[in-house]
Amino acid sequence: MGQKKRIYVIEDEADIRRLVTEVLEGYGYEVTGWASGREARMAIQRQAPDLCLVDLGLPDMDGLTLVRELWEDVRFGVIILSGRGGTSDRVLGLELGADDYIVKPFEPRELVARVNSAVRRREQLAGATAAAETARARFGPWVFDLGNLTLTADDGRQESLTAAEASLLLMLLKAPKRVLSREHLQGPDQDRDDFPYDRSIDVRISRIRKKIEEDPRTPRLIKTVYGAGYLFAGDVSWLR
């Protein structure tokens with residue numbers, strides 16, 4: 001994995017914080033735990049991590065509020081830890097910009113797999129950004145900048161993307177006019193046990209549509225091909 005990736009675990013339950021720390025350190029990550037949102041905020045100001053794992057039941061603030069704040073910082077990814085495992089809770093977490101949602105109690109191997117996946121997505125984006133021919137993509141009135149995970153419209157309006165959203169959009173832009181299955185778009189995550197019930201791709205598509213479509217309810221750029229997957233219907237040009 002090269003240089004160790006830095007992970008912050010924001011969890012007020014000491015036993016869970018210790019477990020997560022020990023498991024991830026065993027797989028080569030550099031892990032620091034924080035018992036409150038305030039402590040984590042201060043730590044992030046001093047040194048940003050590569051990934052934050054955030055418990056929603058923090059003692060000093062609403063975990064969802066913290067997640068909403070953190071996803072706006074493109075330097076790192078965000079994974080939610082929560083005891084609430086309902087579909088509506090997962091969708092809400094993803095709607096707020098989290099890269100993933102892990103339900104407690106969880107198996108250590110599931111935790112590691114999801115953390116690895118989030119870190120891998122960011123590394124893939126970094127690799128794409130380093131390639132001059134794929135640094136920026138134009139489609140419709142938008143320019144997608146991989147360097148800072150932003151969309152800029154011709155009228156100057158800007159939209160930010162999470163790493164997971166940017167990774168998904170990148171796959172669509174690299175294969176315009178082709179139908180990509182949910183399994184393909186899910187990438188390495190498709191081996192997860194809950195994949196058939198995982199709505200993360202649908203939620204991220206919805207979030208991207210809200211940012212790039214004139215009318216997200218009748219999308220013209222990202223089309224749903226029922227029973228098959230999604231298709232990017234616009235023309236794409238790569239800017240040097």
Side-chain angles (χ1 to χ4, degrees), residues 1-86 89-90 92-94 96-127 162-164 167 186-195 197-198 200:
M1 193 177 294
Q3 184 178 359
K4 283 189 175 183
K5 300 296 183 181
R6 182 179 299 107
I7 297 177
Y8 288 169
V9 180
I10 310 170
E11 164 67 64
D12 65 317
E13 294 187 41
D15 290 343
I16 296 179
R17 192 169 64 247
R18 188 180 307 112
L19 171 64
V20 173
T21 298
E22 291 176 353
V23 168
L24 294 179
E25 284 181 342
Y27 281 83
Y29 290 103
E30 178 183 320
V31 187
T32 306
W34 309 100
S36 70
R38 179 177 176 275
E39 291 177 337
R41 279 171 168 167
M42 294 173 62
I44 290 169
Q45 289 175 359
R46 293 191 299 269
Q47 186 174 38
D50 294 287
L51 182 70
C52 283
L53 275 63
V54 184
D55 173 35
L56 294 185
L58 297 173
D60 61 336
M61 67 175 62
D62 178 10
L64 289 176
T65 299
L66 182 60
V67 168
R68 189 182 296 109
E69 291 177 7
L70 294 178
W71 88 261
E72 295 177 350
D73 193 325
V74 300
R75 295 174 297 172
F76 52 84
V78 180
I79 293 179
I80 289 175
L81 298 175
S82 177
R84 302 196 296 265
D89 293 308
R90 295 187 187 216
L92 175 59
L94 294 169
L96 289 173
D99 292 280
D100 207 341
Y101 192 109
I102 300 176
V103 179
K104 305 175 191 174
F106 49 80
E107 291 289 336
R109 63 186 179 89
E110 177 191 10
L111 171 71
V112 173
R114 297 199 179 205
V115 167
N116 285 344
S117 178
V119 170
R120 183 165 50 244
R121 275 196 297 266
R122 298 193 68 82
E123 289 179 332
Q124 290 170 345
L125 283 173
T162 66
S167 179
Q186 193 81 10
D189 294 346
Q190 63 183 285
D191 293 330
R192 294 187 338 205
D193 293 337
D194 64 348
F195 172 70
Y197 312 100
D198 193 336
S200 60

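Every heavy atom of this structure was used, including side-chain atoms; hydrogens, water molecules and symmetry mates were not. All values derive from a computational prediction rather than experimental measurement.
In terms of modelled atom types and a separation under 3.5 Å, the side chain of D99 and the main chain of V78 share a donor-acceptor contact. Side-chain N or O atoms of D50 include one that pairs as donor or acceptor with a backbone N or O of R6 at under 3.5 Å. Using a distance-only test at 3.5 Å, with no hydrogens or angles considered, no donor-acceptor pair links the side chain of D12 to the main chain of S36. Formation of a donor-acceptor pair under 3.5 Å by the E39 side chain with backbone atoms of A35 is found in this model.
Each of I102, L56, L64 was scored for a side-chain contact (heavy atoms from CB on, under 4.5 Å) with S82, with one residue passing: L56. Among the candidates T32, I7, V31, the single residue satisfying the side-chain contact (heavy atoms from CB on, under 4.5 Å) test with T21 is V31.
Salt bridge absent: D55 and R17 never bring a charged side-chain N and a carboxylate O closer than 4.0 Å.
In this structure the side chain of L58 never reaches within 4.5 angstrom of the side chain of E11, judged on heavy atoms. With a 4.5 Å cut-off on side-chain heavy atoms, L111 and Y27 do not count as touching. With contacts defined as side-chain heavy-atom distances shorter than 4.5 Å, the pair L66/D62 does not qualify. In this structure, I80 and V67 have side chains that are in contact, with non-hydrogen atoms separated by less than 4.5 Å.
The two residues A48 and F76 make their nearest non-hydrogen contact at CB-CD2, 4.2 Å. The shortest non-hydrogen separation linking M61 to R38 is CE-N, 3.9 Å. In plain terms, the two heavy atoms of L51 and A118 that are nearest each other are CD1-CB, 4.0 Å. Between I44 and P49, the shortest heavy-atom contact is CG1-CD, 4.1 Å. When all heavy atoms of W34 and A43 are compared, the pair lying nearest together is CZ2-CB, 3.3 Å. Across V115 and L24, no two heavy atoms sit closer than the pair CG2-CD2, 4.1 Å.
Looking only at atom types and distance, the side chain of N116 has a donor-acceptor partner in the side chain of Y29 under 3.5 Å away.
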(request) Go through the steps to decide whether R114 and D100 satisfy the test salt bridge (charged side-chain N to carboxylate O under 4.0 Å, His left out), and finish with yes or no. (result) CA-CA 7 Å; R114 297 199 179 205; D100 207 341; 3.0 Å; yes
(request) Any chance you could lay out the side-chain contact (heavy atoms from CB on, under 4.5 Å) test for V23 and F106, step after step, and finish with the verdict? (result) CA-CA 12 Å; V23 168; F106 49 80; over 6 Å; no
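Here the OH-CG distance, from Y101 to L94, works out to 9.0 Å after rounding to the nearest 0.5 Å.
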